Amino acid sequence: MDLEIYQLAHRLAIEIHTMTLGLPKFEIYEEGLQIRKSAKSIPSNIVEGFGRKQYQQEYIRFLVFAHSSCNETIEHLKILFETKSLVNKVKFDYFMEEYDKLGRKLN
């Protein structure tokens with residue numbers, strides 16, 4: 001899919017997946033699993049909504065789901081950082097900036 005918003009969401013989902021593999025072992029299956037699910041939900045909802053674009057209300061509904069998952073991903077990032085499971089501040093700041101950008105585009 002060549003939608004810019006999809007490409008950004010997809011890239012970030014892959015980056016989040018990779019980042020979580022470096023979390024402390026106990027966190028990989030707790031908060032790590034949750035953030036992987038929410039991050040991967042964003043591009044999935046964009047794709048599903050785009051597939052229903054001929055029905056405007058359906059398309060908008062899936063973009064709202066994607067935006068909600070974006071907000072959820074931001075919350076998981078904050079929790080990981082504040083609990084010191086994600087200690088790399090540069091990586092945290094990068095993800096926060098990128099998900100903020102993605103959220104604004106979805107809105």
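Model, not experiment: these values are computed from the prediction. Values below: all heavy atoms of this structure, side chains included; hydrogens, waters and symmetry mates excluded.
When every heavy atom of T83 is checked against every heavy atom of I79, the shortest pair comes out as OG1-O, 2.8 Å. The two atoms that bring E72 and S38 nearest to each other are CD-CB, 3.6 Å, heavy atoms only. In terms of heavy-atom proximity, G32 sits nearest to T20 at O-CG2, 3.9 Å. Of all non-hydrogen atoms in P43 and A39, the two that sit nearest each other are CD-O, 3.1 Å.
Between the CD atom in E58 and the CD atom in Q56 there is a gap of 11.5 Å [rounded to 0.5 Å]. The distance from atom CD1 of I35 to atom NE2 of H17, rounded to the nearest 0.5 Å, is 12.5 Å. For the atom pair NE2 (H67) and CZ (R104), the distance works out to 10.0 Å, reported to the nearest 0.5 Å. Here the straight-line distance linking atom NZ of K53 with atom CG of L3 works out to 8.5 Å at 0.5 Å rounding. Rounding to the nearest 0.5 angstrom, the gap separating the SG atom in C70 from the CG atom in N45 is 11.5 Å. Within the model, atoms OH of Y6 and OG of S44 stand 8.0 Å from one another, a figure rounded to the nearest 0.5 Å.
In this pair, F92 and F81 present their aromatic rings parallel. The plane angle is below 30°, not in the 30 to 60° band. Under the 30°/60° scheme for interplanar angles, the aromatic rings of F95 and Y99 are found to be tilted.
Between the side chain of T73 and the backbone N or O of S69 there is at least one donor-acceptor pair closer than 3.5 Å. Using a distance-only test at 3.5 Å, with no hydrogens or angles considered, no donor-acceptor pair links the side chain of D100 to the main chain of M96.
For the pair K91 and Y94, the cation-pi test (distance below 6.0 Å, angle within 45°) is failed.
In this structure the side chain of E48 reaches within 4.5 angstrom of the side chain of R52, judged on heavy atoms. M19 is listed as a side-chain neighbour of L77, based on a closest heavy-atom distance under 4.5 Å. When side chains are defined from C-beta on, F50 counts as touching Y59, because their heavy atoms get closer than 4.5 Å. The shortest distance between side-chain heavy atoms of V64 and R61 does not fall below 4.5 Å.
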Which atom pairs, one a donor and one an acceptor, fall under 3.5 Å between side chains of residues 22-29 and the rest of the protein, sequence neighbours left out?
{"from": "E27", "atom 1": "OE1", "to": "E31", "atom 2": "N", "distance (Å)": "3.2"}
{"from": "E27", "atom 1": "OE2", "to": "S85", "atom 2": "OG", "distance (Å)": "2.8"}

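A salt bridge between E98 and R11 is present, with a side-chain N of the basic residue lying under 4.0 Å from a carboxylate O of the acidic one.
Environment of CD in E4: sparse, with no more than 12 heavy atoms of neighbouring residues, nucleotides or ligands closer than 6.0 Å. Counting non-hydrogen atoms of neighbouring residues, nucleotides and ligands closer than 6.0 angstrom, the NE2 atom of H10 reaches no more than 12 such neighbours.
The cluster map of Ile, Leu, Val, Met, Phe, Trp and Tyr, joined by side-chain heavy atoms under 4.5 Å apart, puts I16 and I42 in the same cluster. Under the 4.5 Å side-chain heavy-atom criterion for Ile, Leu, Val, Met, Phe, Trp and Tyr, L12 and V47 are members of the same hydrophobic cluster.
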Report the C-alpha separation of N107 and L63 in whole Å, then their side-chain angles, then the decisive distance to 0.1 Å, and conclude whether the side chain to side chain contact (heavy atoms under 4.5 Å, CB included) test is met.
-> CA-CA 8 Å; N107 197 25; L63 291 179; over 6 Å; no

